Each structure stands twice: as C-alpha cells, then as structure tokens.
Amino acid sequence: MQFPQYRMRRLRKNETLRRLVRETTLSVDDLIYPLFAIEGAGIRNEISSMPGCYQLSVENLVEEVKKVQSLEIPAVLLFGLPAAKDEAASGAYDENGIVQKAVRALKASVPGILVITDVCLCEYTSHGHCGVIKDGEVLNDVTLELLAKTALSHAEAGADIVAPSDMMDGRVSAIRSQLDEEGFADTPIMAYSAKHASSFYGPFREAAESAPSFGDRRSYQMDPANGNEAVREAALDIEEGADIVMVKPALAALDLIWRIKQEFGYPTAAYNVSGEYSMVKAAASKGWLDEKKAVLELLTGVKRAGADMILTYHAKDAARWLK
Ligand code: PBG
C-alpha cells in the first residue's frame with residue numbers, strides 16, 4: 001500500500017508508540033569494557049588520545065573493575081603493559097606477567113565479572129609485531145607455540161575467556177588443543193576472526209605502547225577492502241574451535257558483522273576500537289556532537305548489524321546512560 005493510504009509516520013507519532021515498534025535494543029548485557037594493566041604501583045595514566053581511559057597498575061585496576069561491576073557490565077577485556085620487552089615476548093607467557101597477575105587479583109577481589117584476556121605478542125615484543133621475527137618476516141608457525149603458551153598461562157591464572165588477536169593462521173586450533181591437553185577444555189575462545197589492518201587502532205597503540213618499530217601489520221591483518229576473505233577467516237576459526245567470532249573494527253565493517261552473523265549464526269562480537277572511540281570523544285569535546293546520543297546511536301547500529309556483544313571504551317558511560 002502506498003501514500004496517501006499508507007503513512008509510515010503513523011508509528012512514529014509519540015515515544016510510547018516508538019518504543020512499541022523499536023526493533024533493536026541495546027543493553028548493558030551486551031557490553032565488554034577493555035582495560036590496560038601496567039606493571040608498577042600507584043599508576044593511573046590517562047591515555048591522551050583516549051580521554052577517560054587509563055593505564056592502571058594492578059591495585060588501581062581492581063578498583064576500576066569494581067566500578068565496572070557495579071554498573072552491571074558483564075565482562076572486561078585485559079591488555080598488559082609489561083616491565084620489559086624482548087624478541088621472544090617472554091612477558092606474554094610468564095606466570096608472573098602483568099596480565100597473569102591482574103587476572104589473579106581480579107578473580108580474588110572482584111569475583112563474578114568475566115575476565116577476558118587478549119592473547120597477542122605485540123605488547124611484549126621489543127619490535128612491536130604480533131609474532132616472532134626472522135629476517136624481517138613475521139613467522140607464523142613458530143609464533144603459534146608462543147600464543148598457545150600465552151593462552152594457557154592466562155587460563156591457569158583464571159581467565160574466563162581467551163581472545164587471540166594476532167591473526168596468525170592456525171592459532172585457534174593451536175590454542176584449543178593446548179587448553180584441552182592441560183585441563184582447560186571448558187575455557188572458551190573468542191577469536192578476533194575478521195581483523196582488518198586498520199588505521200583506527202592508532203590510539204590503542206599509544207595506550208598499549210605496542211606500535212611496530214618497523215613496517216606495518218598488513219602481512220598478517222586483513223586488507224580492509226576485503227569482505228569475502230573475512231567470512232572465510234570466520235569459517236576457519238569456527239572449524240578450528242572458536243566459540244565466539246569477532247569483527248574488528250566495528251563501525252568501518254558493519255557489513256562484515258552482518259555477513260558473519262547471517263552466515264554462521266555464531267555468537268558474534270564487534271570491537272568498537274580505539275580510533276572509533278577517539279573520534280567521538282574529540283568531536284564531543286569540541287561541542288560538535290552530542291556524546292550520549294552519538295554513542296548510543298553508534299552502539300545500537302552495531303547491534304542492528306548483528307553483533308551479540310560489543311567491546312567498547314564507551315561501555316561505562318553507555319551503562320550509565322542505559323540505566
Ligand atoms: C593486539 C590488539 C590491537 C587491538 C586489539 N588487540 C592492536 C593492533 O592489532 O595493532 C586494537 C584495539 C583498539 O584499537 O581498540 N594485536
């Protein structure tokens with residue numbers, strides 16, 4: 001039926017009607033808050049390109065996660081900044097490494113909240129790449145062993161979910177078999193499946209002090225131009241045993257969230273990354289955007305695209321606004 005018989009505006013007349021026909025609901029249950037744990041004591045460094053986000057030493061991290069839990073956010077994602085870096089990324093799989101210590105402290109002091117750990121080497125390597133380097137190349141298969149060791153050490157510390165973000169081939173199955181062999185068959189893997197080599201990770205690299213010292217990540221992260229390849233990446237991760245697949249970034253890859261959710265029907269996460277956060281914060285600080293409206297619209301858009309959960313630095317604000 002067409003105008004004038006049918007008028008779309010009839011159902012937009014007032015907020016009660018709009019509520020009734022609203023298709024997508026953003027909830028605090030959908031949110032995961034990323035945090036940066038740093039070696040040391042008494043540290044709370046604001047990240048200049050990510051206002052409102054901090055590098056936190058473990059005792060401050062615990063206080064922060066208590067606040068996150070009081071907002072009813074179900075999960076945090078942990079990144080680590082070690083005291084020292086080397087070629088072998090030994091801080092990544094040290095049982096007394098920064099993430100391992102942070103996980104143990106959180107499990108002891110803030111039980112209940114889910115602790116997801118990012119599994120990657122770039123924060124721990126002296127060169128800032130996500131794998132072992134030989135002759136200027138990032139080696140795939142050698143890196144798998146270190147990633148599996150890292151994931152195992154996180155699980156041993158008490159991590160609820162491990163999340164490999166390195167984009168090496170075969171890492172999900174390497175991690176799955178290591179966890180299974182060592183008695184962690186019940187620890188889920190959230191795989192960064194479709195991860196573009198994106199310019200929007202810039203602020204994160206300041207936060208995590210993990211920018212590569214030479215070259216870039218384009219030999220392992222995906223070309224942002226590719227969508228079919230993203231679907232194949234997700235298919236492989238699922239075959240290898242991923243429990244949750246992730247698309248990253250979120251706002252620049254809404255189509256991939258949609259495609260991967262439609263194709264597999266798997267629990268699908270979207271990472272609203274650092275640069276996407278910083279853009280909104282910068283515009284809002286200049287008064288160019290209404291921050292609350294912009295954030296809720298963007299996060300709702302990510303859900304409408306098919307995400308079941310959203311990793312976002314806006315999580316605390318969004319949780320407050322959704323109350
Ligand atoms: C580690 C990792 C990165 C992010 C998550 N895990 C950085 C990168 O790949 O360079 C980016 C997160 C963000 O930008 O918020 N490999």
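One-based numbering, in listed order, for ligands and for the atoms of each. Only a predicted model underlies this, so the values are computations on that prediction, with no experimental measurement involved.
Look at Lys85 and Glu123 and you find no salt bridge, because none of the NZ, NE, NH1 or NH2 atoms lies under 4.0 Å from a carboxylate O. We find that Arg18 and Glu15 are joined by a salt bridge, their nearest charged nitrogen and carboxylate oxygen being less than 4.0 Å apart. Electrostatic pairing of Lys292 and Asp317 does not count as a salt bridge here, judged by no charged N lying under 4.0 Å from a carboxylate O. A salt bridge between Asp180 and Arg176 is present, with a side-chain N of the basic residue lying under 4.0 Å from a carboxylate O of the acidic one.
Close approach of ligand 1 to Tyr271 (heavy-atom distance below 4.0 Å) involves ligand atoms 12 (C), 15 (O). For ligand 1 and Cys122, the ligand atoms under 4.0 Å from any heavy atom of the residue are 1 (C), 16 (N).
Among protein heavy atoms, the minimum distance from atom 14 (O) of ligand 1 is reached at Ser274 OG, 2.7 Å. Lys195 NZ, 3.4 Å is the protein heavy atom nearest to atom 2 (C) of ligand 1. Ranking protein heavy atoms by distance to atom 4 (C) of ligand 1, first place goes to Lys248 NZ, 2.6 Å.
Residue Met167 places every heavy atom at 4.0 Å or more from ligand 1. Residue contact check for ligand 1: Tyr277 places no non-hydrogen atom closer than 4.0 Å to it.
Within the set Tyr192, Phe204, Phe200, the minimum heavy-atom distance to atom 7 (C) of ligand 1 is found for Phe204. Checking His129, Glu123, Glu206, Arg217 against atom 8 (C) of ligand 1, the nearest heavy atom belongs to Arg217.
With a heavy-atom cut-off of 4.0 Å, Asp118 touches ligand 1 through its side chain alone. Only the side chain of Tyr313 comes within 4.0 Å of ligand 1, judged by heavy-atom distances. Counting heavy atoms closer than 4.0 Å to ligand 1, residue Ser165 contributes atoms from both its backbone and its side chain.
Contact check for Leu298 versus Leu251: side-chain heavy atoms found under the 4.5 Å cut-off. For the pair Met246/Thr268, no side-chain contact is recorded, criterion being any heavy-atom separation below 4.5 Å from C-beta on. No side-chain heavy atom of Pro267 sits under 4.5 Å from any side-chain heavy atom of Val245.
Gln100 contributes no side-chain N or O that, together with a main-chain N or O of Glu95, makes up a donor-acceptor pair within less than 3.5 Å.
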